[in-house]
K.L.:
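Please read through the structure below; I'll follow up with questions.
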Amino acid sequence: MILLATGVRPRWSVLLIVVTVGLWGCDKPRALGEPRQILVAAPQGLWDALEEDIKNALEPRTFTVRDERVFDVAHVDPIEPGWADLRIMRQILVIGPPENPAVAAAIEAYDSEIPPAPGVFQVRNLWAREQLVTVAVLPAGGDPESLRPLLQPLGQTLLNQFEQYARTRMFVTGPDEELRDSLSRNAGFTLTLPRVYRAEELEPGVFQFRNDQPDPSQLIRNITVASRPSDEAQMSAESAAQWRAELAERLTQPPQETQAGAEGHSLEINGRPALQIDGIWSNPPNQWPAAGPFITRLVECPDRTFLVDAWLYAPGTAKYEYMFQLNTIIDSFECAPGGAGAA
């Protein structure tokens, strides 16, 4: 058992989410669907009462080239004939009282103490292999109001699990420790990147790290790092956008156009002051129409200011997982002794 989250409101039962890892039965099919798809299995009346609250909790939005839902949520009533086929989806949220057949099946498979209603637990591989079933047990009778206080922490737990999946998937080849050590010795900074990223010094002091597997026409993840003496760099959104635009115009093919957000925000990266802007890059007119989101940070090191720019090209694809991975990489940025040429 793995304890994942506890605590909601004092007047309600403690939200206890526990994963129990069951044995994969050879007779079970492989789960269908993507990790960002959540099928809610609940009686129609309960769904009608809670649909807006469930979607608000389970469909957080993030900005990529537009507002995008992190999860896609769909509903089925387990009494419908299609439930027998749909219950092999990869991620399912079952809601109902203990007497609900779908809830009862999960309780029977669970190998620990069921949390008092209203409460939440999780079971893996219930109806299919590589499946995660989250169960929200309501009091007898299935009062929907009892579930409302649990929805936001439940949504956060599912988001945390999805991000852990994205992080694990990103580093399936392992971190490139050799590259990290080389950057520390020679470039004045370090980054922790998966081994699948290619590293190149585009010009003195300007480093590019790119992963365009499996097909660059469908997916490119790119990080560029440059630096300037601190007295030549301003920690402002305007300066970050201008610096980013100069590099993108000079060093990308075709040259990228930069549409930065109006304001930046301050943050701290591994103990160093930083400023971040977000926006959209696009190819210029008369070029292949392409665009995507970018994140640009200015990071103050002891004697230099670094620009760390991450951009994504993923047409027609949900982008949150890839942007989370890029964020994870640039969060690993650290100042280090060594030289770095001006850009």
Side-chain angles (χ1 to χ4, degrees), residues 34-36 62-70 162-163 165-176 179-180 183 187 189-203 205-226 240-241 243-261 276-298 306-333 343:
E34 299 297 325
R36 58 180 301 273
T62 185
F63 178 77
T64 55
V65 292
R66 61 184 183 279
D67 278 347
E68 178 182 290
R69 294 191 302 270
V70 176
F162 179 68
E163 290 178 346
Y165 157 83
R167 187 182 295 108
T168 301
R169 186 182 182 194
M170 175 176 64
F171 282 109
V172 69
T173 60
D176 194 334
L179 174 60
R180 180 180 174 85
L183 292 172
F189 70 92
T190 64
L191 277 178
T192 301
L193 293 119
R195 294 181 183 274
V196 292
Y197 276 73
R198 301 191 310 275
E200 181 181 1
E201 189 169 10
L202 300 178
E203 58 185 40
V206 180
F207 300 86
Q208 175 181 274
F209 311 94
R210 177 170 293 199
N211 179 5
D212 52 15
Q213 300 181 39
D215 182 353
S217 69
Q218 298 298 318
L219 180 61
I220 301 174
R221 286 155 284 185
N222 191 94
I223 296 170
T224 303
V225 180
W243 191 355
R244 197 257 174 212
E246 291 170 356
L247 290 172
E249 183 177 5
R250 190 169 78 245
L251 299 177
T252 59
Q253 293 296 328
Q256 287 184 359
E257 295 186 346
T258 298
Q259 305 169 40
Q276 176 173 311
I277 62 171
D278 306 88
I280 299 170
W281 66 265
S282 60
N283 282 350
N286 304 319
Q287 296 285 346
W288 178 261
F294 72 81
I295 306 164
T296 298
R297 290 177 178 173
L298 300 182
F306 283 83
L307 177 139
V308 185
D309 177 74
W311 59 265
L312 172 70
Y313 176 61
T317 303
K319 297 173 177 57
Y320 181 80
E321 178 181 348
Y322 300 126
M323 292 304 292
F324 173 79
Q325 292 176 349
L326 288 173
N327 259 300
T328 299
I329 293 172
I330 64 177
D331 280 348
S332 74
F333 178 93

K.L.:
Under a 4.5 Å cut-off applied to non-hydrogen side-chain atoms, are Tyr197 and Ile329 in contact?
P.N.:
yes
K.L.:
Does the side chain of Leu326 reach to within under 4.5 Å of the side chain of Asn222, using non-hydrogen atoms?
P.N.:
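No - every pair of side-chain heavy atoms lies 4.5 Å or more apart.
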K.L.:
Please report the interatomic distance CD(Gln253) to CG(Asn283), rounded to the nearest 0.5 Å.
P.N.:
10.0 Å
K.L.:
Below 4.5 Å, heavy atoms only, C-beta onward: do Glu68 and Lys319 meet side chain to side chain?
P.N.:
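They are in side-chain contact.
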K.L.:
How close do Val196 and Gln213 get, counting heavy atoms only, and between which atoms?
P.N.:
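Closest approach of Val196 to Gln213, heavy atoms only: O-NE2, 3.6 Å.
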K.L.:
Partners of Phe324 by ring pair (Phe, Tyr, Trp, His ring centres under 6.0 Å), sequence neighbours excluded?
P.N.:
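Applying ring pair (Phe, Tyr, Trp, His ring centres under 6.0 Å) to Phe324 gives none.
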K.L.:
Contact between Phe209 and Val225 at the side-chain level, heavy atoms closer than 4.5 Å - yes or no?
P.N.:
yes
K.L.:
Sub-3.5 Å donor-acceptor pair from the side chain of Trp311 to the main-chain atoms of Ala291, do we have one?
P.N.:
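Side chain of Trp311 to backbone of Ala291, a donor-acceptor pair under 3.5 Å: no, none is there.
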K.L.:
Are there over 12 heavy-atom neighbours, none belonging to Glu249, within less than 6.0 Å of that residue's CD?
P.N.:
no
K.L.:
I'd like to know if the side chain of Thr317 reaches the main chain of Pro315, judged simply by a donor and an acceptor atom lying under 3.5 Å from each other, with no hydrogens or angles considered.
P.N.:
yes
K.L.:
Mind checking what makes side-chain hydrogen bond (donor to acceptor under 3.5 Å, both in side chains) contact with Arg244, not counting sequence neighbours?
P.N.:
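Per chain and number, Arg244 pairs via side-chain hydrogen bond (donor to acceptor under 3.5 Å, both in side chains) with Gln256, Thr258, Asp309.
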K.L.:
If a pair satisfies salt bridge (Lys or Arg N to Asp or Glu O under 4.0 Å) and one of its residues is in residues 280-293, list it, with sequence neighbours excluded.
P.N.:
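Salt bridge (Lys or Arg N to Asp or Glu O under 4.0 Å) check on residues 280-293 returns no pairs.
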K.L.:
Less than 4.5 Å apart, side chain to side chain, heavy atoms only: is that true for Gln325 and Phe171?
P.N.:
no
K.L.:
Could you walk me through whether Glu163 and Thr328 satisfy the side-chain contact (heavy atoms from CB on, under 4.5 Å) test, starting with their C-alpha distance in whole Å, then the side-chain angles of each, then the deciding distance to 0.1 Å, before giving a yes or no?
P.N.:
CA-CA 10 Å; Glu163 290 178 346; Thr328 299; over 6 Å; no
K.L.:
Please name all residues satisfying side-chain hydrogen bond (donor to acceptor under 3.5 Å, both in side chains) with Asn286, sequence neighbours left out, ordered by chain then number.
P.N.:
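Partners of Asn286 by the side-chain hydrogen bond (donor to acceptor under 3.5 Å, both in side chains) criterion come out as none, since no residue qualifies.
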K.L.:
Arg36 side chain to Val70 main-chain N or O, any donor-acceptor pair under 3.5 Å?
P.N.:
yes
K.L.:
If you define the side chain from C-beta out and look only at heavy atoms, does anything of Arg250 sit under 4.5 Å from Leu202?
P.N.:
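No; the side chains remain at least 4.5 Å from each other.
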K.L.:
When you check the gap from the basic side-chain N to the acidic O, do Asp176 and Arg198 get nearer than 4.0 Å?
P.N.:
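Answer for the salt bridge query: no.
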K.L.:
Looking only at non-hydrogen atoms, find the nearest pair between Ile330 and Val308 and report the distance.
P.N.:
CG2-CG1, 3.7 Å
K.L.:
Hey, are the side chains of Pro175 and Arg180 touching, using non-hydrogen atoms and a 4.5 Å cut-off?
P.N.:
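A side-chain contact is absent here, since even the closest heavy-atom pair is not under 4.5 Å.
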K.L.:
Name all residues meeting the salt bridge (charged side-chain N to carboxylate O under 4.0 Å, His left out) criterion together with Arg69; count only those two or more places apart in sequence or in a different chain, and write none if there are none.
P.N.:
Glu59, Asp72
K.L.:
Measuring only between side-chain heavy atoms, which start at C-beta, is Leu191 closer than 4.5 Å to Phe207?
P.N.:
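Counting from C-beta outward, Leu191 and Phe207 never come under 4.5 Å.
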K.L.:
Please name all residues satisfying salt bridge (charged side-chain N to carboxylate O under 4.0 Å, His left out) with Glu246, sequence neighbours left out, ordered by chain then number.
P.N.:
Arg228
K.L.:
Ignoring hydrogens, what is the shortest heavy-atom contact between Tyr322 and Ala314? Give both atom names and the distance.
P.N.:
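Residues Tyr322 and Ala314, closest heavy atoms: CD1-CB, 4.3 Å.
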